[in-house]
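Report on one structure; see the data block that follows.
A note on names: the letters A, B, ... follow the listed sequences, proteins ahead of strands, and every chain is numbered from 1.
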Protein chains: 2
Amino acid sequence: MKDMNELVEMFRERGYRITPQRQCVFKLLQGNTSHPSAESIYREARKEMSSLSLQTVYRTLAELVSLGELIPVDLGTGTVRFDPSVEVPHHHLVCRSCGKVSDLFADLRPPDMPEGYAQDFEVSSTEIVFRGICKACMTDGEDLGEREHRFSSK
Amino acid sequence: MKDMNELVEMFRERGYRITPQRQCVFKLLQGNTSHPSAESIYREARKEMSSLSLQTVYRTLAELVSLGELIPVDLGTGTVRFDPSVEVPHHHLVCRSCGKVSDLFADLRPPDMPEGYAQDFEVSSTEIVFRGICKACMTDGEDLGEREHRFSSK
DNA sequence: TATCACTTGAGAGTGACTATCATTAAGGAT
DNA sequence: ATCCTTAATGATAGTCACTCTCAAGTGATA
């Protein structure tokens, strides 16, 4: 994700207005590696700008996604999370217990699709998802974070 | 997923009762490779048993999941889908346009986690997800099926 | 500093589950 | 075959994560 000034510039170029709400959301995403959900960005943002609406957070995130500055990741944890690391390709670790998503920066070259399938499906991206238990949940038997919901397989 | 008789046997062993509703859901899942959602199982089941409730479908699916006879797959298409192919490990193709999920049966050995990460995360499964456009959506520009929702990355 | 289209926030709406509970019905006992 | 117990079901309401609509507010250009 671009830095603050570049984002502002980018928005201006497209005729989008620079509002305090947008800047507030931009700021919270800069260098954020926690894979926040819209809701968690909202909670943080309200500490500085109590009038901000959740709706505006969703809208701003969607704008950044459509500009390619944010990647939405939906890994079955119940909410879409947002990843500002768009520059470096990477993969994700998902904790089955608390739902936390972590990055795995490594050049795990994903396998190519076998020939037989390639004719019927045009691949645009390949993701490798590691599911398991994170360190925090291994040590505490107790879960603290947001949990994985519904039909989680374990 | 086990066959009809084995499922009935398995349920009886655990003291679960064999109801027409459960049998109806079992039958619709046998050999089903369409990765149905609870809703689509419900729609099919109602054709034979119009009194069946959606609630019972969800319950029966959850039972099968907890017995390991069904794998819930949540690939960000807006609904959890269910995969009765629990015996053969495989991966999934997800169409960004219509949301359809297809199986890819191939021994794509997923890469191991790099050493550095392995201490902080205990991996229980690794999935490879190929996202792109399915044949049907390539030919018709028009989409017919259920679409991918919300913050789909494209 | 006036204008106006873009933004915002409030409130209602939607879809996919999930909880609660009175009624119904498996299936072993009689 | 009928009774009885208790699990299972269906109806209804509730929750959560978004999504829509629209009147009111406000950047940015003139």
When rounded to whole Å, the CD1 to P distance for the pair B/Ile41 and C/dA16 reads 15 Å
Please name all residues satisfying ring-ring contact (aromatic ring centres under 6.0 Å, His included) with A/His92, sequence neighbours left out, ordered by chain then number. A/His35, A/His90
Do side-chain atoms of A/Glu127 reach the backbone of B/Ile128 as a donor and acceptor pair under 3.5 angstrom? no
For residues 33-42 of chain A, which residue pairs qualify under salt bridge (charged side-chain N to carboxylate O under 4.0 Å, His left out), counting only residues two or more places apart or in two chains? none
Separation of A/Leu52 atom CG from D/dG25 atom P, in whole Å? 17 Å
May I have the list of side-chain donor-acceptor pairs in residues 7-16 of chain A shorter than 3.5 Å, sequence neighbours left out?
none

Using a 4.0 Å heavy-atom cut-off to protein, can you give one letter per nucleotide of nucleotides 21-30 of chain C, 5' to 3': B if the base is in contact, S if only the sugar-phosphate is, - if neither? ----BBS---
Under the salt bridge (charged side-chain N to carboxylate O under 4.0 Å, His left out) rule, what pairs show up with a residue in residues 15-35 of chain A, not counting sequence neighbours? A/Arg22-A/Glu63, A/Lys27-A/Glu48
Expressed as a whole number of angstroms, how long is the span from B/Met49:CE to D/dG10:P? 8 Å
Could you give the CG-to-P distance, from B/Asp74 to C/dA16, as a whole number of Å? 12 Å
Starting at CZ of A/Phe11 and ending at P of D/dG27, how long is that distance when rounded to a whole Å? 16 Å
Starting at atom CZ of A/Arg43, determine the distance to atom C1' of D/dA17, rounded to an integer number of angstrom. 13 Å
Round to a whole Å and report the spacing from CG of A/Leu64 to P of C/dT7. 13 Å
Take atom CG of B/Leu54 and atom C1' of C/dT20, then tell me their distance rounded to the nearest Å. 16 Å
Among C/dG9, D/dC18, C/dT8, the one nearest any side-chain atom of A/Arg22 is C/dT8
When you check the phosphate oxygens OP1 and OP2 of C/dT8, does a side-chain N or O of A/Ser53 lie under 4.0 Å from one of them? no
Test side chain to side chain donor-acceptor pair (under 3.5 Å) applied to B/Gln21 - qualifying residues, sequence neighbours left out: none
